[in-house]
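Residue indices begin at 1 and follow the sequence shown. Counting starts at 1 for both ligands and their atoms, in listed order.
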Amino acid sequence: MGEIFPEWLKQRLPSPSEVARVGRMLEDLRLNTVCQSAACPNLGECFSAQTATLMILGHICTRHCSFCATDKGVPGEPDPAEPGAVAVAARRLKLKYMVITSPTRDDLPDGGAQHYANVIRAVTSENPGIKVEVLIPDFQGSEKALRTVLEASPTVIGHNIETVPRLYHTVRPGAIYSRSLEVLAKTKRLRPGTLTKSGIMLGLGEERQAVIEVMKDLLTAGCDIMTLGQYLRPSMNNIPVCRYIPPDEFEDYKRIAEKLGFKTVVSGPKVRSSYRAASACLQVAA
Ligand code: SF4
């Protein structure tokens, strides 16, 4: 029997025609979205609003995070035609703001950093005025790789902290908490004008005080935007949900994070790191 969602996670299905149209267009361009691979609950809303989080560098990850639906295994070579295809997708979707992410590619010498830079440059040169947010892996802490991405001038660098340090070994075994904080801190040191963003999932057994400590650590790393959302189990192969966090607790966390000093906080059961990303970024710029 499937998961029984609380009332606040049930949602009205959007117009299938619009969802199908965007899905077909992305398929034609042989592009993946994290929306589809992560079975995101907001897919319908986003596709209907003509936004999507594109996944570059294939759909196979070299890591094994227990919360994630992305395929695990040995990925193929990056597709040299992908930067152009992503730029075309941005044009066809008439995007003013684009979010790009990828699996973690520990198999590549630069972790895929040059490919990220090529995609950002293709998108911005093909779509003047577009803002690009890249949700990057930790590149195993490589400053050279991070510099390569930053030199392509993305508007926002996102790197998700995902959960509290105590749960890293079960939820994010291939990641290191301090290294993830360092990705955000280094971004601010190397390119202070770049906005930084990080997201956490709740409902995996984290303590309230531990979440607040993560907020403080992110602020120390100079993080501007924070997202908090409910972890949803993508399949029975993934780690189970410990608790469905009610909306008022998300509101409470939002108040705490804003009081601590984040420029923008997006917090709610349906929130994902790229959910309504454009408005979060514009709030900071406002
Ligand atoms: S590194 Fe990212 S894509 Fe890979 S398993 Fe973890 S969350 Fe999923």
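- Scanning the protein for heavy atoms near atom 8 (Fe) of ligand 1, the closest one is C68 SG, 2.4 Å.
- Under 4.0 Å from ligand 1, not a single heavy atom of E162 appears.
- The single protein non-hydrogen atom nearest to atom 7 (S) of ligand 1 is F67 CZ, 3.5 Å, given as residue, atom name and distance.
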Next on the checklist: Does T220 form a side chain to side chain donor-acceptor pair (under 3.5 Å) with D217? I'd like the steps, not just the answer.
Outcome noted: CA-CA 5 Å; T220 306; D217 290 343; 5.1 Å; no
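- Residue-ligand proximity, C61 to ligand 1, at heavy-atom distances under 4.0 Å covers atoms 1 (S), 3 (S), 4 (Fe), 5 (S).
- Across all their heavy atoms, V265 and A257 have their closest contact at CG2-CB, 3.6 Å.
- Remark: K96 NZ is loosely packed, at most 12 non-hydrogen atoms of other residues, nucleotides or ligands lying under 6.0 Å away.
- In this structure, the side chains of P103 and H59 stay at 4.5 Å or more apart for every pair of heavy atoms.
- Under the 4.5 Å side-chain heavy-atom criterion for grouping Ile, Leu, Val, Met, Phe, Trp and Tyr, L204 is connected to I212 within one hydrophobic cluster.
- In terms of protein heavy-atom proximity, atom 2 (Fe) of ligand 1 is nearest to T104 OG1, 4.3 Å.
- Inclusion of C65 in the first shell of atom 6 (Fe) of ligand 1 is supported: an N, O or S atom falls under 2.8 Å.
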